[in-house]
There are 2 protein chains.
Amino acid sequence: MRLVVARCSARYTGRLTAHLPLATRLLVVKADGSVLLHSDGGSYKPLNWMSPPCTMSAAEPDEESAARGVTAVWTVQHQKSDDRLEIDLYDVVHDSDHDLGVDPGLVKDGVEAHLQELLAAQIELLGTGHSLVRREYMTAIGPVDILARDADGGTVAVEIKRRGEIDGVEQLTRYLELLNRDPLLSPVRGVFAAQEIKPQARVLAGDRGIDCLVLDYDAMRGVDDPDSRLF
Amino acid sequence: MRLVVARCSARYTGRLTAHLPLATRLLVVKADGSVLLHSDGGSYKPLNWMSPPCTMSAAEPDEESAARGVTAVWTVQHQKSDDRLEIDLYDVVHDSDHDLGVDPGLVKDGVEAHLQELLAAQIELLGTGHSLVRREYMTAIGPVDILARDADGGTVAVEIKRRGEIDGVEQLTRYLELLNRDPLLSPVRGVFAAQEIKPQARVLAGDRGIDCLVLDYDAMRGVDDPDSRLF
DNA sequence: ATGTAGATGTCGGGA
DNA sequence: TCCCGACGTCTACAT
């Protein structure tokens with residue numbers, strides 16, 4: 001990812017035609033060639049941008065542009081359409097490059113969050129004698145949904161999904177690997193809990209010594225939700 | 001505008017609950033306090049963000065977090081709702097601050113509107129003997145871009161787009177259906193005019209008995225625009 | 001302030 | 001791949 005802060009102007013042609021007058025802005029060039037042009041306010045939407053797949057090429061300004069003070073011209077061309085973004089750079093205030101690597105991406109906890117609450121409140125669904133240690137137990141690679149103790153005092157890490165698939169088992173495996181390095185917690189047992197667990201995920205979990213727990217959302221709500229107990 | 005590149009994890013609670021596992025990302029803090037969290041790919045949408053009005057406060061990590069390697073905790077709180085974004089920063093790779101000033105903002109060049117003006121002024125591009133009835137001819141379902149008469153006195157409805165795609169043909173079809181119910185106008189012929197017409201749209205138009213007209217914007221401006229006639 | 005339609009919408013899922 | 005619907009939609013404009 002390349003970060004440039006510069007006085008610049010820009011033109012965009014594609015679904016519409018538009019231009020940006022001269023001002024100081026942040027230019028972000030991502031690893032996939034996409035470009036964002038941000039001002040110091042507004043929302044998360046850039047003033048102007050080019051989505052991937054696209055290619056960015058920097059060129060010397062022509063004589064006329066150079067005379068106006070342009071130091072570089074960036075052309076960002078979309079690869080599948082004729083969308084094109086041209087940026088004239090004037091004074092460059094900042095220019096740096098960073099290797100960010102791949103991003104695991106956002107994890108949305110919608111129904112998942114509710115399942116987590118319910119299971120935390122009904123922790124004995126894990127087995128008689130279980131007790132809750134903590135929800136969203138923080139680790140360096142993200143929060144473990146539920147940490148609990150079983151009847152024998154052993155630690156249990158629970159990963160909760162709406163639909164239990166292979167990647168959820170992988171996630172729990174990573175957590176277990178990390179948690180088991182902590183002598184205060186080890187040995188940590190894993191429980192993969194979901195409303196529905198795919199056969200492949202169940203097989204993989206079994207292979208990893210991870211228990212599977214199918215959660216009955218409605219039944220759990222029925223126990224916990226006052227609205228469902230009115231009768 | 002503050003730019004930080006750092007390994008970080010984040011949690012968002014508000015309309016939904018979500019979290020970002022540990023990874024290296026770009027953090028942008030804008031002058032209005034809004035915060036963007038970008039990965040090195042994807043489109044212009046950040047992985048996570050907080051829109052203004054909001055306040056960002058940085059704090060020391062608690063003991064437990066510090067033990068995990070957290071060097072700072074940012075809390076971004078929306079001012080009108082209980083939306084909240086919490087960011088744990090680990091290794092900070094880059095941190096810089098820049099004064100960008102106010103931005104004049106994006107100027108959209110209404111090419112479609114301009115094309116309509118130009119075609120109205122050069123209505124014979126539809127064919128010899130055509131005359132303009134009206135621009136923005138109002139109907140119950142919206143304005144028809146141009147209504148004209150051909151050499152034989154027949155009515156012609158023109159839909160103008162910069163890029164001619166299927167939905168434009170559908171739109172014109174709806175207008176034609178409506179206009180053809182009017183005995184004073186019927187039969188009404190349709191013309192789909194655009195700078196560029198996609199093959200699918202051309203096929204659909206043909207199927208509906210709608211003529212296609214490719215507009216040469218530069219040539220039309222050359223005829224009409226005094227700035228281009230100076231020589 | 002509030003509701004509604006458009007967006008360079010973006011993004012994900014299913015056929 | 002295209003099509004369709006949801007979105008932390010956002011945004012401007014109308015009332």
Side-chain angles (χ1 to χ4, degrees), chain A residues 10-20 30 32 34-39 41-54 76-87 103 105-113 161-163 165 167 196 198, chain B residues 10-20 30 32 34-39 41-54 76-87 103 105-113 141-143 161-168 170-171 174 194-196 198-201 203-204:
Chain A
R11 295 164 298 292
Y12 165 76
T13 54
R15 324 258 191 110
L16 61 77
T17 308
H19 71 271
L20 278 171
K30 294 195 176 188
D32 54 13
S34 58
V35 176
L36 318 183
L37 250 153
H38 268 282
S39 65
S43 66
Y44 66 72
K45 192 178 177 182
L47 292 164
N48 223 322
W49 72 92
M50 186 62 65
S51 306
C54 63
V76 191
Q77 174 70 53
H78 197 270
Q79 279 168 18
K80 294 189 173 178
S81 71
D82 52 359
D83 282 32
R84 171 194 283 260
L85 176 62
E86 289 172 336
I87 307 168
D103 200 287
L106 186 70
V107 183
K108 295 187 180 180
D109 323 325
V111 175
E112 190 181 318
K161 292 286 179 205
R162 210 169 72 69
R163 284 188 306 183
E165 300 183 24
D167 58 349
E196 166 201 354
K198 293 283 162 79
Chain B
R11 294 163 299 292
Y12 165 76
T13 53
R15 324 267 185 103
L16 61 77
T17 308
H19 72 268
L20 279 172
K30 294 195 176 188
D32 54 13
S34 58
V35 175
L36 317 183
L37 249 153
H38 269 280
S39 67
S43 67
Y44 67 70
K45 194 177 178 183
L47 292 165
N48 226 323
W49 72 93
M50 187 62 66
S51 307
C54 63
V76 192
Q77 175 71 54
H78 197 270
Q79 279 169 18
K80 293 188 174 178
S81 71
D82 52 0
D83 282 31
R84 171 194 284 262
L85 177 63
E86 288 173 336
I87 308 168
D103 200 287
L106 186 69
V107 182
K108 295 186 181 184
D109 308 334
V111 172
E112 189 178 322
I141 55 171
K161 292 285 178 205
R162 215 177 88 63
R163 280 194 202 178
E165 299 184 23
I166 281 185
D167 58 343
E170 296 287 7
Q171 194 180 342
R174 289 193 297 273
Q195 272 188 283
E196 173 200 351
K198 292 282 161 77
Q200 291 177 330
V203 169
L204 183 64

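Naming: A, B, ... by sequence-line order, numbering from 1 per chain. The basis for the numbers below is simple: all heavy atoms, side chains too, and nothing from hydrogens, waters or symmetry mates.
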Checklist entry - Does C:dT8 pair with anything, Watson-Crick or G-U wobble, both distances under 3.5 Å, and if so, with which nucleotide? => result none

Item to check | Rounded distance in Å - NZ (A:Lys108) to P (D:dA6) | outcome: 13 Å

Item to check | Euclidean distance for C1', D:dA14 against C:dT8 (whole angstrom) | outcome: 24 Å

Checklist entry - With centres under 5.5 Å and planes under 30° as the test, does B:Tyr44 stack with C:dT10? => result no

Checklist entry - Expressed in angstrom and rounded to an integer, what is the separation of A:Asp103 atom CG from C:dC11 atom P? => result 13 Å

Item to check | Closest to the B:Arg15 side chain, choosing from D:dC10, C:dT8, C:dC11 | outcome: D:dC10

Checklist outcome for this item: Here the distance between atom C1' of C:dT8 and atom CD of A:Gln77, to the nearest Å, is 14 Å

Checklist entry - Out of C:dT8, D:dG8, C:dT10, which nucleotide sits closest to the side chain of B:Ser43? => result C:dT10

Item to check | Rounded interatomic separation in angstrom, taking CG from A:Leu47 and P from D:dA12 | outcome: 11 Å

Next on the checklist: As a quick check of understanding, evaluate side-chain contact (heavy atoms from CB on, under 4.5 Å) for B:Val35 and B:Ile87, giving each step before the final call.
Outcome noted: CA-CA 10 Å; B:Val35 175; B:Ile87 308 168; 4.1 Å; yes

Item to check | Nearest heavy atoms of B:Glu196 and B:Lys198, plus distance in Å | outcome: OE2-CE, 3.3 Å

Item to check | Length of the CD-P vector between B:Gln171 and C:dA5, whole Å | outcome: 15 Å

Next on the checklist: Could you tell me how far apart A:Asp32 (CG) and C:dT10 (C1') are, to the nearest whole angstrom?
Outcome noted: 14 Å

Checklist entry - What's the shortest heavy-atom distance between B:Ser39 and B:Leu47, and which atoms? => result CB-CD1, 3.4 Å

Checklist entry - Hey, what do you get for CZ (A:Arg84) to CZ (A:Arg11), rounding to the nearest 0.5 Å? => result 10.0 Å

Next on the checklist: Nearest to the A:Asp83 side chain among D:dT11, D:dG8, C:dT8, which nucleotide is it?
Outcome noted: C:dT8

Checklist outcome for this item: Atom CG of A:Asn48 and atom P of D:dC10 are separated, to the nearest Å, by 20 Å

Item to check | Earlier contact from the 5' end, DNA chain D, for A:Lys80 and B:Lys45 | outcome: A:Lys80

Item to check | d(CD1, A:Ile87; C1', C:dT8) in whole Å | outcome: 14 Å

Checklist entry - Is there a side-chain polar atom (N or O) of B:Ser51 under 4.0 Å from OP1 or OP2 of D:dG8? => result no

Next on the checklist: Between D:dG8 and C:dG6, how many Å separate the two P atoms, rounded to a whole number?
Outcome noted: 22 Å

Next on the checklist: Testing the basics here: between A:Ser34 and A:Ser51, what is the closest heavy-atom pair and its distance to 0.1 Å?
Outcome noted: CB-C, 4.3 Å

Checklist entry - Which part of the nucleic acid, if any, lies within reach of A:Leu106 when heavy atoms closer than 4.0 Å are counted: base, sugar-phosphate only, or nothing? => result nothing

